[in-house]
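Data first, discussion second: the structure below is written as structure tokens.
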Number of protein chains: 2
Amino acid sequence: MAEVTPTTRDGSASARIAEAVRRAILSGEHQPGERIVQEELAERYGGSRIPVREALRQLESEGLVRLVANTGAWVQSLTMAQCSEVYQTRERLEPLLLRHSAEHLTDEVIHTLDGLAQKMEASDDIEEFLELDRQFHFATYRAEGTYVLRDLVTRLWNTTQPYRRAYTGLVDQEHMRIFHDDHHMLVSALRDGDMKLAEQIVAIHIRRTRVNLERHPEIFPDTDPDQE
Amino acid sequence: MAEVTPTTRDGSASARIAEAVRRAILSGEHQPGERIVQEELAERYGGSRIPVREALRQLESEGLVRLVANTGAWVQSLTMAQCSEVYQTRERLEPLLLRHSAEHLTDEVIHTLDGLAQKMEASDDIEEFLELDRQFHFATYRAEGTYVLRDLVTRLWNTTQPYRRAYTGLVDQEHMRIFHDDHHMLVSALRDGDMKLAEQIVAIHIRRTRVNLERHPEIFPDTDPDQE
DNA sequence: GGTGGACTGATTGCATCCAGTATGGTGCTT
DNA sequence: AAGCACCATACTGGATGCAATCAGTCCACC
């Protein structure tokens, strides 16, 4: 999986564990709402509970894990409203990030994008599809120099990953067709260097996905047990 | 100081320390680039280094602290480019947050806003000014139910606080006049229920501050020692 | 039979202790 | 005198162990 880590600066155990748990959550190995026991992670990744706890703190700050004092940790689950909120945030931020990336989108990058878009269209495996989709969009986000915005967007993608997975399993041919069309249109706009259009396409693409997600309340938890 | 905590869910030592250090950074007690020694914090807040380390991990994730493995922790410092990036992000997000808050902006809230705007105009103390400014804007952000977006905005405010402080000390009468006018116009638009205008004012207000900040490169660190 | 309370097992939170690593200073070499 | 290597010190990273807290269960009582 690519582009999963928002902010890792050291190679210590706690960072390693944070990365591993993050991947486990994003890959669907740990489902939203699932309990996380410190000692299990410690044993699994070979260490004591100390680095595990630090990793969980970090993941909590990233919105992937929910900690309750003296009680435990759970994989964060979002209500539909919260998920929608994240998507609305992405609608605003990703066009901005794309704009910052404009100068780095060389012919070579665009060629890669084209390849990814086609490969995605040929894919019939959900996990592969999700991974390609992620690679595609982040390939367009190459803003360099500073990383605040890309980190932010990465986190937003991460927190909504489980619902993207659930939704992808439900989507019909017609919507999938439109989804792929968006990608091809984006590649085309970028090839023409029409950044204004590209930004609009990204915003619409995200919004389209959000609206579709909102049509499937069944993939979200029924009640929202006061998880602030 | 109000509205400082983005995501605190427990009352344990590590959460208490995180809160205290966060406040110390935001209040200017700890300057960007300043070294943070775990043991000093442990002694100061009464505890061992374990909860201190967890607190630092959390603050790192919030962008207030920078950790380097086996070396130490520093108060995060931003380059001008990074600071500008945060402001551009705010330009996109705060109007969205304001829109979500619309239904909660009762007459009473607007009266409070008006009071804050006037009090700010009368203030000649930088710290008081900064605090009032924060209170003013967050009083307009009352979106309830979900908190992702408000947490995000809180974090963005937090990471740029030191530079807002430095800039406030430099600003001249003319710019200050415009700054206050923005606030009064915002109150007026909210009073009229003209949310579209209100959103525009917020965006312009943030952009104006960003542009002014960019005119003062001297408040940012000269070099940017590869702090990713 | 249902409800309330006490107990027990499991798990978290934290402190102490030890090992590993980076930094700064000193002395030696060229 | 300048540069380099080495060493000592201070700090961080992690493991173990103990106290505190929560959840789930069983039993008594209504």
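For the pair Ile17(A) CD1 and dG13(D) C1', the interatomic distance rounds to 12 Å; values are reported in whole Å. Residue Glu60(B) contributes atom CD, which lies 10 Å from atom P of dG13(D) at whole-angstrom precision. Here dT12(C) presents its P atom at 10 Å from CG of Leu67(A), a figure rounded to the nearest Å. Atoms CG (Asn70(B)) and C1' (dA19(C)) sit 11 Å apart, rounded to a whole Å. Taking atom CD of residue Glu54(A) and atom P of nucleotide dC14(C), one finds them 13 Å apart after rounding to whole Å. In this structure, Leu41(B) places its CG atom 14 Å from P of dA15(C), rounding to the nearest Å. Separating the CD atom of Glu39(B) from the P atom of dT16(C) is a distance of 11 Å, rounded to the nearest angstrom. Rounded to whole angstrom, the span from the CD atom of Gln58(A) across to the P atom of dG13(D) amounts to 13 Å.
Thr140(A) contributes a side-chain N or O that, together with a main-chain N or O of His137(A), makes up a donor-acceptor pair within less than 3.5 Å.
Using a 4.0 Å heavy-atom distance criterion, Ile36(A) is classed as a sugar-phosphate-only contact.
Here the nucleotide nearest the side chain of Val37(B), chosen from dT12(D), dA23(D), dA15(D), is dT12(D). Distances from the side chain of Ile50(A) to the nucleotides dT23(C), dG13(D), dC14(C) place dC14(C) closest.
Between Gln38(B) and dA10(D), a side-chain N or O to OP1/OP2 separation shorter than 4.0 Å is absent. OP1 or OP2 of dT12(D) has at least one side-chain nitrogen or oxygen of Arg35(B) nearer than 4.0 Å. Contact between the side-chain N/O atoms of Arg53(A) and the OP1/OP2 oxygens of dG13(C) is found at a separation under 4.0 Å. Applying the 4.0 Å criterion to OP1 and OP2 of dG14(D), one finds that Arg49(A) has every side-chain N and O outside that range.
Toward the 5' end of DNA chain D, the nearer of the two residues Gly47(A) and Thr71(A), judged by each one's closest nucleotide, is Gly47(A).
Taking a cutoff of 4.0 Å between a charged side-chain nitrogen and a carboxylate oxygen, Glu19(A) and Arg22(A) qualify as a salt bridge.
Here side chain to side chain donor-acceptor pair (under 3.5 Å) pairs that include residues 101-110 of chain B, with residues two or more places apart or in two chains, number zero.
Side-chain rings of Phe179(B) and His175(B) stay apart, their centers remaining 6.0 Å or farther from each other.
Glu214(B) is linked by a side-chain hydrogen bond (donor to acceptor under 3.5 Å, both in side chains) to Ser84(B), Arg210(B), counting only residues two or more places apart in sequence or in another chain.
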